[in-house]
Amino acid sequence: MRTSQFKNLLAQLPQLSAEQLANLRAAADLLHQHTQALSSIDAAMAGAGCPHCNSFKHTKNGQGRGVQRYRCKDCSRTFNAATNTPLSHLHSKKQFFQHGECLQKGLTIRQTAKELGVAASTAFRWRHRFLESVVEHQPKDVAGIFEADETYFRESQKGSRNLKSPENSVKTRPARHHGGKPPTGEKRGKSASRKDLVPVLVGRLRGQPYIADQVLG
Ligand SMILES: [Zn+2]
């Protein structure tokens, strides 16, 4: 839009009713989220190779669903920044950030589905794609000062029909809520009973934003 046209648009805003203003704001927000998601996808492409053959020789090859497409000069296949990522085949890319926020807030699948206006099965699929990608994006090698520590999580048997007791694999234990305190009498920390705790090594490279974690045997 030309600057003069934009100025005219702004000058007309005071004529809007409160309802029209609210509608305009909602439409602008949605558009903003959409462009933000798309520009993040394109920015992620900077310096990345072909997801099929890792070649860095590629040229722009038109747009698809508002995202820049590329053609690899080596394998001739086309791709965009979302190819082979949790975003590929995600039609509503504008909901990418909203979905990330729901994950951050720790919402359940059903709450996420309600918030995004999608089916619970869609929210479930997205969540698993995001979580898989976190595992894939852990650094394979690190160099520098690596700070590591062990931490313990209570074992989750979510989805299991019979909850195995840590002391006796035949006996079942009562269900408990997510997280929570250890049963009365059970100590916390290093001296705690670790029969139903899963040890996890968490590490971070000093000065780098990456966190690596590994479940220990
Ligand atoms: Zn290629």
Side-chain angles (χ1 to χ4, degrees), residues 36-37 40-41 43-49 51 54 81-88 90 93 95-113 115-116 120 122-169 171-217:
Q36 211 184 6
S40 298
I41 294 169
M45 197 56 228
N54 291 326
T83 303
N84 294 348
T85 73
L87 278 166
S88 53
L90 194 70
K93 290 186 175 55
Q95 283 165 324
F96 173 63
F97 286 104
Q98 284 169 294
H99 186 262
E101 278 168 18
C102 292
L103 262 178
Q104 218 170 12
K105 282 191 254 172
L107 297 190
T108 64
I109 300 274
R110 273 177 210 288
Q111 288 165 332
T112 305
E115 185 122 343
L116 302 184
T122 309
F124 178 85
R125 209 170 50 242
W126 284 7
R127 173 157 307 186
H128 280 262
R129 246 191 239 172
F130 273 66
L131 295 178
E132 279 165 22
S133 129
V134 171
V135 174
E136 277 173 23
H137 284 84
Q138 294 220 32
K140 304 276 183 292
D141 299 294
V142 290
I145 300 176
F146 189 70
E147 297 164 333
D149 199 4
E150 58 181 9
T151 186
Y152 292 82
F153 291 92
R154 307 198 77 195
E155 188 187 1
S156 170
Q157 296 179 35
K158 198 171 176 180
S160 311
R161 285 195 182 275
N162 296 311
L163 301 172
K164 277 181 266 156
S165 162
E167 287 85 18
N168 186 333
S169 57
K171 259 171 118 184
T172 57
R173 67 160 169 80
R176 57 162 190 256
H177 291 287
H178 172 73
K181 289 177 189 152
T184 15
E186 192 181 307
K187 285 185 212 143
R188 294 189 78 102
K190 286 192 171 178
S191 56
S193 155
R194 291 185 176 166
K195 282 176 185 150
D196 67 340
L197 297 181
V198 179
V200 177
L201 183 72
V202 183
R204 182 174 164 273
L205 198 59
R206 197 174 282 179
Q208 295 292 318
Y210 313 110
I211 307 264
D213 52 69
Q214 178 70 50
V215 174
L216 301 172

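This is a predicted model, so every value here is computed, not measured.
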Worksheet item: Looking only at heavy atoms, which two atoms of R127 and L103 are closest? And how far apart?
Response: NE-CD2, 3.6 Å
Worksheet item: Considering all heavy atoms of both residues, which atom of Y152 and which atom of P199 are nearest to each other, and what is their separation?
Response: CE2-CB, 3.7 Å
Discussion item. Are more than 12 heavy atoms, taken from residues, nucleotides or ligands other than Q104, located less than 6.0 Å from that residue's CD atom?
Written reply: no
Practice prompt. Answer yes or no: is there a side-chain heavy-atom contact under 4.5 Å between T112 and E115?
Written response: no
Fill in: Nearest-0.5 Å distance, CZ of residue R206 to CZ of residue F146
12.0 Å
Worksheet entry | Test item: W126 and L116 side chains (from C-beta on) under 4.5 Å apart, heavy atoms | yes
Worksheet item: Do the side chains of D149 and V202 get nearer than 4.5 Å, heavy atoms only?
Response: no
